[in-house]
Amino acid sequence: LAALAQLERCLPGTLGALRAALCLADLALARGARLEARTHAERAAAHARRIGSQSGAAAAAARLAALAAPPRAAAAK
């Protein structure tokens, strides 16, 4: 995680930073850290805008849309 975060912050506006931010968003969401996931997804969207990546913008938008929905309840065992 630390390496992804460092890459994302040290190489802003690059495809690597975009991919790192998306991965960090996914990992945060998997841990249930929704605010952290939103922050990373928003950063990914900013990287996508900076490099003009439509697919990156769509990926970030999909994560932000998922975060806008209420969290799903844990499945009953």
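Sequence positions, counted from 1, serve as the residue numbers for this chain.
Summarising the local packing, CZ of R19 is surrounded by 12 or fewer heavy atoms from other residues, nucleotides or ligands at distances under 6.0 Å.
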Tell me, with the steps shown, if H47 and E8 meet side chain to side chain donor-acceptor pair (under 3.5 Å).
-> CA-CA 9 Å; H47 293 303; E8 193 262 333; 2.6 Å; yes
After noting the C-alpha distance and the side-chain angles of R63 and L29, does the key distance pass the side chain to side chain contact (heavy atoms under 4.5 Å, CB included) rule?
-> CA-CA 9 Å; R63 284 154 177 86; L29 186 57; over 6 Å; no
Evaluate side chain to side chain contact (heavy atoms under 4.5 Å, CB included) for L24 paired with T39, printing each intermediate quantity in order.
-> CA-CA 9 Å; L24 289 165; T39 299; over 6 Å; no
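The shortest non-hydrogen separation linking A60 to A41 is CB-O, 3.7 Å. A17 and P12 get closest at one heavy-atom pair: CB-CA, 4.3 Å. In this structure, A20 and L7 approach most closely via the heavy-atom pair CB-CD2, 3.7 Å. When all heavy atoms of L18 and G56 are compared, the closest pair comes out as CD2-CA, 3.7 Å.
A donor-acceptor pair is defined here as one N or O able to donate and one able to accept, closer than 3.5 Å; no such pair exists between the side chain of R49 and the backbone of A57.
Distance check, rounded to the nearest 0.5 Å: CG of L67 to CD of E42 gives 9.0 Å. Distance CD/Q6 to CG/L1: 13.0 Å, rounded to 0.5 Å.
A continuous path of ILVMFWY side-chain contacts below 4.5 Å connects L15 to L22, so both sit in one hydrophobic cluster.
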